[in-house]
Amino acid sequence: MALRPRRPRSDLPLAVDPSSRFLGWITALMAFLAALALAGAMLVSDMAQRWDSGLAGGLTVQIAPMPGAPVAPLDDRAEAALTVLRSFPGIRSATLLSGGEIARLLEPWLGAGAADPLLPMPRLIDVVTDGPVDAGALRLRLGSAAPGATLDDHAVWLADLRSFAGAIRLAALGVVVLIGAAAVMTVVFAVRTGLAIHRPVVELLHLMGATDRYVSRQFERHVVALSLRGGGIGLLLAGGMLYGLHRASQGLRASLLPDLTLVPWQWAVLLLVPGALALLALVTARWTVLRTLESMP
Amino acid sequence: MIRFENVGLRYGSEAEVLRDISFTLQPGSFHFLTGASGAGKSSLLKLMYLAHRPSRGLVTLFGRDMALVTRRDLPELRRQIGVVFQDFALLDHLSALDNVALPLRMAGTPETDVVAHCSEILRWVGLGNHLHAKPSTLSGGQKQRVAIARSVINRPRLLLADEPTGNVDDGIGMRLLYLFEELYKLGTTVVIATHNEALIRRFDHPRLNLDSGRLMVLPARGRGHEGRAQETRANVSRANDSRPNDSRPTDSRWE
Ligand SMILES: Nc1ncnc2c1ncn2[C@@H]1O[C@H](COP(=O)(O)OP(=O)(O)O)[C@@H](O)[C@H]1O
Ligand SMILES: [Mg+2]
């Protein structure tokens, strides 16, 4: 018995349709964009989370030099502030940063001269909280105990950061939804074209007893194969690009930039992109074929 | 098997192509469908294989009134009908084997059985060396045999052939008709449209003759004018019936 090797076979010559090649490439492009959008959303989420955990649970108190004002010397005011802080509910620890530490923090802005003892340096107190802190009451107490003390509770920073990350995620989601809609429209168009081109063959298949589902399966197999192939190519391109970005971000010394690194589960999410596109194409093709054939006599 | 009552068919708003067609084909019968070119043979066959609905009249197939059949029921009915289309209607991008396999795959036959059955029947019609040939590389006669193999692969209850001998010389035409005879002997109801008088004369079967849109049933010559009812009875009991025309070669294989 002459058993042939199993290869994709369609009763409709869809593979030679002009819409076939174009469907494959469009899917590649869509997979590429969707993968980038998803990766972007995941990277921003990571970044926001790192900032979040770095900033939340901490307060900074700054005691500024006030030359000419009738106030106690900086160090006395810092001591007074520490006393207030250490007895305040919700605060675990309060540590005065040394002159060297402050100089290091200022170095990016002031250069190596930041450690100049002649410069009037503020005192900074790093506060770690272990519960909710009433920032308003704390400000009042600090203000009376240590004039010139300002409390930075990062709340504004955090709120901005969270809404920024949320907006990026929303935008990425919007991009993915738009890509999905474009994928659906492309498949609808390709399938309708295919049905129109191959209408005589479809009618012949019907006359031989083909059900509408049988006909739609021909299209489903075709668009799924194309979507998987196109999606794979698009994903490969996106993966290459992300890897390149990751390498580039590692080369940068500035720690201000987040490292653009995806962890394994995030790569796995990207691997789902071609599959999701193929599934979408399958459902769309079936729906389009069945609906179009329903209206055929 | 098939019953037409006062059936008329018109295309668009033209005059009726078929008028007041009434006849009954008993299960297991063999009929030629004759008539001049343009007489409506193809149109009548299309009504039988459910490609068209009649403009008027009643068509009953396999005991079912076709006016009451819905779109969803059609595939099941059509699978019981094998058709040799006038122009073969082979799919050019599929191999001979895949063309023949279409009805089996539609019926959900397991793939190994599909390949086995199709190879076998293609060998049987003499195309064993052309299983994977595309129709474009086959001669007219070879295409015709692929079309015929496809029409019978599913063991249809009803076999309809539209000028199946049109493209082949009389020698091959004879062999094709012997294949239909084999099926007929196995119980298939056969209707063959042809205007090849020479072939018709070689076989003793009743005729449906179309003339200007009207149909006349002409009984088989060998039985004189006994009429259709007796012809039918003869067919039903034909298992051990030696028919007058049993002079064909014992080996009716193709090559
Ligand atoms: N699809 C169609 N649309 C309009 N007229 C048709 C169509 N098919 C056949 N006809 C007309 O119907 C008549 C019978 O055609 P047909 O059934 O093909 O005859 P035959 O098969 O006996 O040659 C012819 O006059 C033909 O022009
Ligand atoms: Mg004809």
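We name chains A, B, ... by the order of the sequence lines, and we start the count at 1 in each one.
The number of heavy atoms from other shown groups lying within 6.0 Å of CZ (A:Arg213) is above 12. Environment of CZ in A:Arg192: sparse, with no more than 12 heavy atoms of neighbouring residues, nucleotides or ligands closer than 6.0 Å. Residue A:Tyr243 places its OH atom among 12 or fewer non-hydrogen atoms of other residues, nucleotides or ligands, all under 6.0 Å distant.
For the atom pair CZ of B:Arg71 and CG of A:Asp212, the computed distance is 4.0 Å after rounding to the nearest 0.5 Å. Within the model, atoms CG of A:Asp11 and CG of B:Leu102 stand 5.0 Å from one another, a figure rounded to the nearest 0.5 Å. Here the CZ atom belonging to B:Arg78 is positioned 11.0 Å from the CG atom belonging to A:Leu205, to the nearest 0.5 angstrom. Summarising the geometry, atom CZ belonging to B:Arg105 is positioned 12.0 Å from atom CE belonging to A:Met208; distances are rounded to the nearest 0.5 Å. Here the NE2-CE distance, from A:His206 to B:Met106, works out to 9.0 Å after rounding to the nearest 0.5 Å.
When all heavy atoms are compared, the tightest approach of A:Thr211 to B:Pro75 is CG2-CB, 3.7 Å. The minimum heavy-atom distance between B:Arg79 and A:Gly209, with the atom names listed, is NE-O, 2.8 Å.
Contact annotation for A:Leu207: both backbone and side-chain heavy atoms come within less than 4.5 Å of a heavy atom of chain B. Contacts between B:Leu50 and chain A at a heavy-atom distance below 4.5 Å involve the backbone alone (N, CA, C, O).
Pairs of residues two or more places apart, or lying in two chains, never qualify as side-chain hydrogen bond (donor to acceptor under 3.5 Å, both in side chains) while including a residue from residues 24-38 of chain A. Here salt bridge (charged side-chain N to carboxylate O under 4.0 Å, His left out) pairs that include residues 49-59 of chain B, with residues two or more places apart or in two chains, are B:Glu16-B:Arg56, B:Asp20-B:Arg56.
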